[in-house]
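Just so it is clear: chains get the letters A, B, ... in the order the sequence lines come, proteins before strands, and each one is counted from 1.
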There are 2 protein chains.
Amino acid sequence: MGQQKTAPENGTRESERRRTILRAAIDVFARKGYHGCRIADVAKEAGVAYGLVYHYFKNKDELLETVFETGWSGFIARARAVAESEGPLVEKVHRIADVAFEAYRVDPRAVKVLILEIARSPAGARINRQTAFVDVIRLSAQMFTRAKEAGELRPDVDPLLASALLFGSIEMGLTAFVVGLADARDTAMLERAKAQIADSFLHGVLLSPAKEEAPQLQDEAPLKREKAAPRARAPKRG
Amino acid sequence: MGQQKTAPENGTRESERRRTILRAAIDVFARKGYHGCRIADVAKEAGVAYGLVYHYFKNKDELLETVFETGWSGFIARARAVAESEGPLVEKVHRIADVAFEAYRVDPRAVKVLILEIARSPAGARINRQTAFVDVIRLSAQMFTRAKEAGELRPDVDPLLASALLFGSIEMGLTAFVVGLADARDTAMLERAKAQIADSFLHGVLLSPAKEEAPQLQDEAPLKREKAAPRARAPKRG
DNA sequence: TGGCTGGCTGATTCTTGAATCAACCAGCCG
DNA sequence: CGGCTGGTTGATTCAAGAATCAGCCAGCCA
């Protein structure tokens, strides 16, 4: 975007302050929502003077926009890498789910903001939001198109829609955690959810008669359990 | 004065004004978003004086809340009816998709507001939003639990998550239209999308070797076509 | 030491838009 | 007819909070 702007990110010291503020913004946005918070809140959270926020960011919008770009660009880059890589579709789908859930594991707040404040919302800002959003869908739609040509997909499946469904599943799966429907504490659960999303998407949820190829069919352990006996440690994606 | 209520909906004449305003609110919200519009916009859209909005609604929040309740209660009632009915899971899933897409067909704007402004957004109001949202998930989770007991579900599928995925798919499918990724004009497309969502959810997207039971496997016609040569009229699922 | 620079401060100003309210205008009843 | 009622009007009031700006202070160079 336009340089000559607000943020001199050349050095490293200055950036530190800037990052502090950005971090605070993410946390506050996650807690109270973009519209529900004041710049003052962000400043306070960052332990910084009100005015300084405006020293580093042109305005409130730019703040959100930056949060968006920071978080989203990382995600989309990884997603693109997967989508454009070689290999069987099954694997790619799993890896995309990996990317999303890993992002959540690393920084749930940021993901929350991305999901709750940015992904939707027709509103205001010039932000690409929708554009960006649409981009991923298109991106993975291409992946599905190629997979279809390779005969990996059922012939009656539309790539674009399949793409929407995959991300819809992932997003809603994450939302379940974000919203507290499922307990986000337990890493094992996240791991299970991730696997299940990919599997369900690929194989469906039905108990179909023939299922020789379905991968991990360990019997279910409930998604939301009491206090989680200290058992399964997540495989840590290795 | 002091009729401690805002809306006297006993008669029918008064209600008409009220409904005009509500309608306008939906349209404006859909166009500019809740936060992006002023009460003045709603009033203008309704062709009504600014103050009148406050005669029928306590405040802006109540306006949104009403939009929400109006739209959502209808949807959830139908969804519940389906979820609690008797019959095979396959059919129920299809019918739930029906309900959602029918709602969209009847009033896309309202659905847009529901999806974009209400389902997410931690924001302000006391509205149940999340609660309500969570309710549907729980509701259908029960449906899946029962289906699982009846042996209709793969044993490794978590009902709660399955529920989230179903609605995630539906929502994202609709979002594709809302956002303009897919062309919402063509009824046939909506019909196809609807069927595909349910099918993908149930059977997965993979071209699995054994597929004797998969229902409608007509080969795909693209979701987004040019001007739609006047050919395939949707089978209307009968 | 003294003056200069630039990150930093936070009270002050300015804007926006929600909410109020006094007056208006039918129709209606006595 | 004249006064009452209740829907309707829109200018006015008011609060919230975004954005500004006049300076402060720490470090640095002369």
Side-chain angles (χ1 to χ4, degrees), chain A residues 2 4-25 28-29 31-67 117 123-127, chain B residues 1-25 28-29 31-67 117 121-127:
Chain A
Q4 88 254 62
K5 272 293 141 82
T6 343
E9 69 226 59
N10 36 13
T12 315
R13 288 302 258 353
E14 312 124 285
S15 296
E16 194 161 328
R17 283 294 203 161
R18 190 186 146 94
R19 249 182 292 146
T20 304
I21 293 172
L22 211 49
R23 182 70 246 164
V28 175
F29 288 170
R31 194 168 345 114
K32 314 171 74 165
Y34 178 71
H35 289 288
C37 77
R38 331 281 131 230
I39 289 289
D41 298 332
V42 175
K44 187 184 294 179
E45 175 84 19
V48 138
Y50 186 101
L52 196 59
V53 175
Y54 283 90
H55 184 249
Y56 286 110
F57 301 90
K58 187 153 101 284
N59 53 35
K60 201 182 173 189
D61 254 30
E62 188 179 289
L63 198 48
L64 183 61
E65 192 169 343
T66 305
V67 169
E117 299 294 329
R126 79 218 73 285
I127 300 191
Chain B
M1 288 303 147
Q3 70 289 44
Q4 85 262 44
K5 279 282 110 159
T6 341
E9 70 226 58
N10 36 12
T12 315
R13 288 302 260 352
E14 311 124 287
S15 295
E16 194 161 326
R17 282 294 202 161
R18 189 185 147 97
R19 250 182 290 146
T20 304
I21 293 173
L22 211 49
R23 182 70 247 163
V28 175
F29 288 169
R31 192 167 347 113
K32 315 171 72 164
Y34 178 71
H35 289 287
C37 78
R38 331 281 132 230
I39 289 290
D41 298 332
V42 174
K44 186 184 295 179
E45 174 85 19
V48 138
Y50 185 101
L52 197 60
V53 175
Y54 283 90
H55 184 248
Y56 286 109
F57 301 91
K58 187 152 101 286
N59 53 35
K60 201 183 173 188
D61 255 30
E62 189 181 287
L63 198 48
L64 182 62
E65 192 169 344
T66 305
V67 169
E117 297 295 328
S121 172
R126 79 220 72 284
I127 300 193

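For the pair Lys44(A) NZ and dG10(C) C1', the computed distance is 13 Å after rounding to whole Å. Rounded to a whole Å, the CG atom of Leu52(B) is 16 Å from the C1' atom of dA11(D). If you measure from atom CG of Leu63(B) to atom P of dG17(C), you get 16 Å, rounded to the nearest angstrom. Regarding Phe57(B), its CZ atom lies at a distance of 15 Å from the C1' atom of dT8(D), rounded to whole Å. Between the OH atom of Tyr56(B) and the C1' atom of dT9(D) there is a distance of 13 Å, given to the nearest Å.
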Under 4.0 Å protein heavy-atom contact, by nucleotide of nucleotides 16-22 of chain D - B base, S sugar-phosphate only = -SBBB--
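One distance of note links NZ of Lys60(B) with CZ of Phe29(B); it measures 6.5 Å at 0.5 Å rounding. For the atom pair CG (Asp61(A)) and OG1 (Thr66(A)), the distance works out to 10.0 Å, reported to the nearest 0.5 Å.
Scanning both residues, Ala46(A) and Ile21(A), for their nearest heavy atoms gives CB-CA, 4.1 Å. Between Val42(A) and Ala24(A), the closest heavy-atom pair is O-CB, 3.7 Å.
For residues 47-57 of chain B, there are no salt bridge (charged side-chain N to carboxylate O under 4.0 Å, His left out) pairs, not counting sequence neighbours. Among pairs with a residue in residues 39-49 of chain B, those fulfilling side chain to side chain donor-acceptor pair (under 3.5 Å) read Arg31(B)-Glu45(B), Lys32(B)-Asp41(B), at least two apart in sequence or across chains.
In this model, the phosphate group of dC8(C) is not approached by any side-chain N or O of His55(A) to a distance below 4.0 Å at OP1 or OP2.
End-to-end axis angle of the helix from dT1(C)-dA30(D) to dG30(C)-dC1(D), using five pairs per end and rounding to 10°, comes to 30°.
Among residues two or more places apart in sequence or in another chain, the side-chain contact (heavy atoms from CB on, under 4.5 Å) test is passed with Ala49(B) by none.
The only option from Val28(B), Leu63(B), Leu64(B) that meets the side chain to side chain contact (heavy atoms under 4.5 Å, CB included) definition with Tyr34(B) turns out to be Leu64(B).
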